[in-house]
Number of protein chains: 2
Amino acid sequence: MPTKGTAQERLKYEQVADEIARRAGELQPHDHLPSERDLMQQLDVSRMTVRRAIEQLVRRGLVYQVHGSGTFVADPDVVTKTLRLTSFTEDMQQRGLTPSTTVLRTAVQPATEDVARRLRIEPGADVLVLERLRLADGTPMALESVHLPAMGTDWSAFDPTASLYAQMSAAGITVERAAQSIHAVNLDRDQAYHLDQAVGAAALQVTRVSYTEAGVPVEIAETIYRGDRYDYDLVISRAAQ
Amino acid sequence: MPTKGTAQERLKYEQVADEIARRAGELQPHDHLPSERDLMQQLDVSRMTVRRAIEQLVRRGLVYQVHGSGTFVADPDVVTKTLRLTSFTEDMQQRGLTPSTTVLRTAVQPATEDVARRLRIEPGADVLVLERLRLADGTPMALESVHLPAMGTDWSAFDPTASLYAQMSAAGITVERAAQSIHAVNLDRDQAYHLDQAVGAAALQVTRVSYTEAGVPVEIAETIYRGDRYDYDLVISRAAQ
DNA sequence: AAGTGGTCTAGACCACCGC
DNA sequence: CGGTGGTCTAGACCACTTC
């Protein structure tokens, strides 16, 4: 038997998933893939590992399964752009734009009733407030207002121009889930000024509350995107449930 | 051995998931749940079944797991309202409102270049076009324009006032995935009239392309929601990936 | 070192599809 | 009927956390 535990670069089911994805790429939409039993023999793994690999691919929308019939290559098109948890920076880079940021305001202040309730902290407790103008290729794209609870973190070393998620991650905070609410608003005079838009122009107001794996809220962010330059794209899958 | 295959009301892992969820409900957030090995003994199932059950609960945001440490009850709050594939009817009912519909237009017409490309059919091929005003508790909420490809279906029996998804389902078409794009727009005169809003008021324009499990597009829907009465809520999970 | 979740195996039976 | 995916078992070893 070959050495097994040593330097197992990647998980087996991921390697299997990659291999099946590679084969699917060489076939046409709706073509039949080998059966799970064939694949386990060919790739020398157990059936559960094959199933787990295929499960990933189904979730990504790359293949689909029909009960007594088989596994097939899916029609592409929608693939790739599944819903992900992204920062403004990543989001813009993905669209091929260069993001930049102007800090409008940064302050430590007592939490309002509403903010305290949503962050599940005491009203009046310290929160870091950060207001930024986000630009893409030098053009104003969004106005962002972020509230962060203290959480024993030392915000004195905080750099408002750098990536927020990166700094939170460095502080041991990992965002696992976020609730978003999207609303349409007409820009007021101040907002229109910052975004270089006409007063009353339609804009997307996205309010996000981010949570750790344990369901502890760690961020409230309210972002107002220019309506003429920003779409909120997402893919909903019934399988996700 | 007891009879096994007969009348197996529900899947084992679902029953196990329910039982674990019940126990979690009686505990406080961040309380420790029994280990997987304890649960498999207590519930007399294999470990894989326990893991599969817990996997569901993690996806629902009800519990969370930490590698060498254990399984814990999650902080609630966000739970329940995960992203789902819903119709206007379900959506409104979920918000406690009574939906109704006024049909503005219904016609079979040749597909435009753009519609044909998105539905992956020939330009000029027949599509069913349906324009409806959707109301909640009698108040106009949204303007909806739907394009359906022919797909050999007999649209002559089509009832524009009834649920679209129900009729598609009856025709053997199941929507499994949908790509949505959300945009902010200012209402034009005609839209404002139908929605009982001021001209130029901000509104959410949601464009959806629905696909079957095999990735075949079966519907294009463009819905314009009143900005003052409609939020688009969703929960993004990193686990979803 | 003991206990936990994470991965993987080899095998079984069931439910469904197409011939 | 044979082949397919869907569920489930009993056991093993690994990686990580906690003491």
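Below, all heavy atoms of this structure are taken into account, side chains as well, without hydrogens, waters or symmetry copies. Just so we're on the same page: letters track the sequence lines, and every chain starts at 1.
When the C1' atom of dA12(C) is taken as reference, atom CD of Glu36(A) falls 15 Å away, rounded to whole Å. Rounded to whole Å, the distance from CD1 on Ile54(B) to C1' on dC8(D) is 16 Å. One interatomic measurement links the two molecules: NE2 of His67(A) to P of dC16(C), which rounds to 7 Å at whole-angstrom precision. Taking atom CZ on Arg10(B) and atom P on dT7(D), their separation rounds to 13 Å, with Å as the unit. We find that CG of Leu43(B) is positioned 17 Å from C1' of dA10(D), with the value rounded to whole Å. Atom-to-atom, CD of Glu213(B) to P of dC17(C) comes out at 12 Å; the value is rounded to the nearest Å. The CD-P distance, from Glu55(A) to dT7(C), rounds to 11 Å in whole Å. Summarising the geometry, the separation between CZ on Phe72(B) and C1' on dG3(C) is reported as 12 Å, rounded to the nearest angstrom.
OP1 or OP2 of dT7(D) sits under 4.0 Å from a side-chain N or O of Arg52(B). Applying the 4.0 Å criterion to OP1 and OP2 of dT4(D), one finds that Ser35(A) has a side-chain N or O inside that range. Using a 4.0 Å cut-off, no side-chain N or O of Tyr13(B) falls inside it from OP1 or OP2 of dC8(D). Remark: Arg51(B) is in phosphate contact with dG6(C), judged by side-chain N or O atoms under 4.0 Å from OP1 or OP2. Close to dT4(C), at under 4.0 Å from its OP1 or OP2, lies no side-chain N or O of Gln65(B). Taking side-chain N and O atoms only, Thr71(B) has a distance below 4.0 Å to OP1 or OP2 of dG5(C). Side-chain N/O atoms of Thr49(B) include none lying less than 4.0 angstrom from OP1 or OP2 on dT7(D). Under 4.0 angstrom from either OP1 or OP2 of dT9(C) there lies at least one side-chain N or O belonging to Lys12(A).
Nearest approach of Pro110(B) to Gly124(B), heavy atoms of both residues: CB-O, 3.3 Å.
With salt bridges taken as basic N to acidic carboxylate O contacts below 4.0 Å, one links Glu19(A) and Arg23(A). Electrostatic pairing of Arg22(A) and Glu26(A) counts as a salt bridge here, judged by a charged N lying under 4.0 Å from a carboxylate O. A salt bridge links Asp91(A) to Arg95(A): at least one charged side-chain nitrogen sits closer than 4.0 Å to a carboxylate oxygen.
Ring orientation note: the planes of His30(A) and Tyr64(A) are nearly perpendicular, at an angle over 60° on the 30°/60° scale.
Where Val50(B) and Arg47(B) meet DNA chain D, the nucleotide closest to each residue was compared, and Val50(B) sits on the side nearer the 5' end. Each of His32(B) and Met48(A) was assigned the nucleotide of DNA chain C with the nearest heavy atom; the assignment lying further toward the 5' end belongs to His32(B). Both Asp44(A) and Leu33(B) sit near DNA chain C, but only Leu33(B) has its closest nucleotide nearer the 5' end.
Side chain of Val45(A), nearest nucleotide from dA12(D), dT9(C), dC17(C): dT9(C). For Leu11(A), the side-chain atoms get nearest to dT7(C) when compared with the rest of dA15(C), dT7(C), dA15(D). The nucleotide whose nearest atom lies closest to any side-chain atom of Ser46(A) is, among dT7(C), dA10(C), dC16(C), dA10(C).
Between the side chain of Arg37(B) and the base of dG5(C) there is at least one donor-acceptor pair of N/O atoms closer than 3.5 Å.
With respect to Gln65(B), the side chain to side chain donor-acceptor pair (under 3.5 Å) criterion is satisfied by exactly one of Glu55(B), Arg51(B), Glu36(B): Glu36(B).
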